Amino acid sequence: MKPIKINDGIYWVGAIDWDVRNFHGYITQRGATYNAYLIIDEKITLIDTVKPQFFDEMIKRISHIVDPAKIDYIISNHVEMDHSGSLPQLMEFASNATVIASPKGKEGLQSHYNGAWKFEVMKSGDILNLGKRSIEFLLTPMLHWPDNMIGYLKPEKILFSNDAFGQHLASSERFDHELPIAIVLEETKKYYGNIILPFGNQVTKAIEAAEALDIEVIAPSHGVIWKKHISDILSIYKKWCKNNTESKAVIVYDTMWNSTEKIAYAIQSAFEAKGISTKMRNLKTNHISDIMTDITDAKFICVGSPTLNNNMLPTVAGLLTYLKGLVPKNRIGMAFGSYGWSGQSIDQVEDALKSCRFDLMEKIKTQYIPDQASIEEIAANTVKTQMHK
Ligand code: FEO
């Protein structure tokens, strides 16, 4: 439970959640961290807190450095409870502290906790002087709540980016160069696909602002701190925020008697024949939050369901609801499935893909079990004739 030094006088004092496996519906196989940062200057400053059940862990780390009663400022970059949840307990220790928040942040914190706390509200461009250091704030509304802001610390050139650039990844290592970068980037992508994806325009603005700064460290509120791979993470975010996709197909389906699955694999053959890489995602064995990782940069999204009781399967409906909410853009969709006598599911899937505003390839609708000729026809022609639509 010790703090981890980032620079002289600047420490990570957050919490490691080794056990969390479901973060409001997002499966976190590798756990999570809630990052809080302590700055020792003329004004002792804490940036963000942790989930309420991790308050003791945070306070122990802080207490290694300073008596928490001496904290002058608590910067709350984001109201969501994984970052503000320990604020009420902390304010009992640091009763003289001023809470620094955006205008919407102050509103949100008061609604959540109704604390009789001193607040100072920051707008974009406002600077908080800590002594030898200062933090300049930038409001980043809807990245990913209305209250979000980020802060740039000088002279150390650290960007405290809150949820942006984060990953759900529990580790005792705190820096990007201390873990295999492929794992860090995979979790960064999953985080982006499940949390940040709807807010590409806001990300674009934040990246433009970040690029105008000289950044030596990006300290997000989850996962590792970026030091070695700053230009990599900025360029990856730039690609994702513009919905720049790769020529990849994600084929997602559920199946009752394997007929829809047969169609799914015939579609895969069609993509493979065009040299387009594919991911097969059976909803019985893949969680929708993992499928979103694949979808983050995939051009083609094919979704299949058989018809059950005049409807698509509930697993497919769940995926499509989640997908629509995350608003991937510039995609090409395709509905497919087998049916016995009514066949509504395929039209329903297609309608859902339309409501995502995807361009559509022609749907594939097969009665009962697709025979060898249908499989060959799908494999030979589906993508070849339709991929440029
Ligand atoms: Fe990590 Fe939006 O909270």
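We count residues from 1, following the sequence as given. If you're wondering where the values come from, they're calculated on a predicted model, not measured in any experiment. Whatever order the structure lists them in is the order used to number ligands and atoms, beginning at 1.
- Residues Ile236 and Ile150 fall within the same hydrophobic cluster, defined by Ile, Leu, Val, Met, Phe, Trp and Tyr side chains chained together at heavy-atom separations under 4.5 Å.
- Every residue two or more places apart in sequence or in another chain that forms a ring-ring contact (aromatic ring centres under 6.0 Å, His included) with His144 is listed here: His78.
- Using cut-offs of 30° and 60° for the angle between ring planes, the Tyr237 and Trp240 rings count as tilted.
- In this pair, His112 and Trp145 present their aromatic rings tilted. The plane angle is within the 30 to 60° band.
- When ring centroids are compared, His168 and Tyr191 come within the 6.0 Å threshold.
- Within the protein, the number of N, O or S atoms lying under 2.8 Å from atom 2 (Fe) of ligand 1 is 4.
- Between Phe23 and Tyr26, the ring planes lie perpendicular to each other; the angle is over 60°, past the 30° to 60° tilted range.
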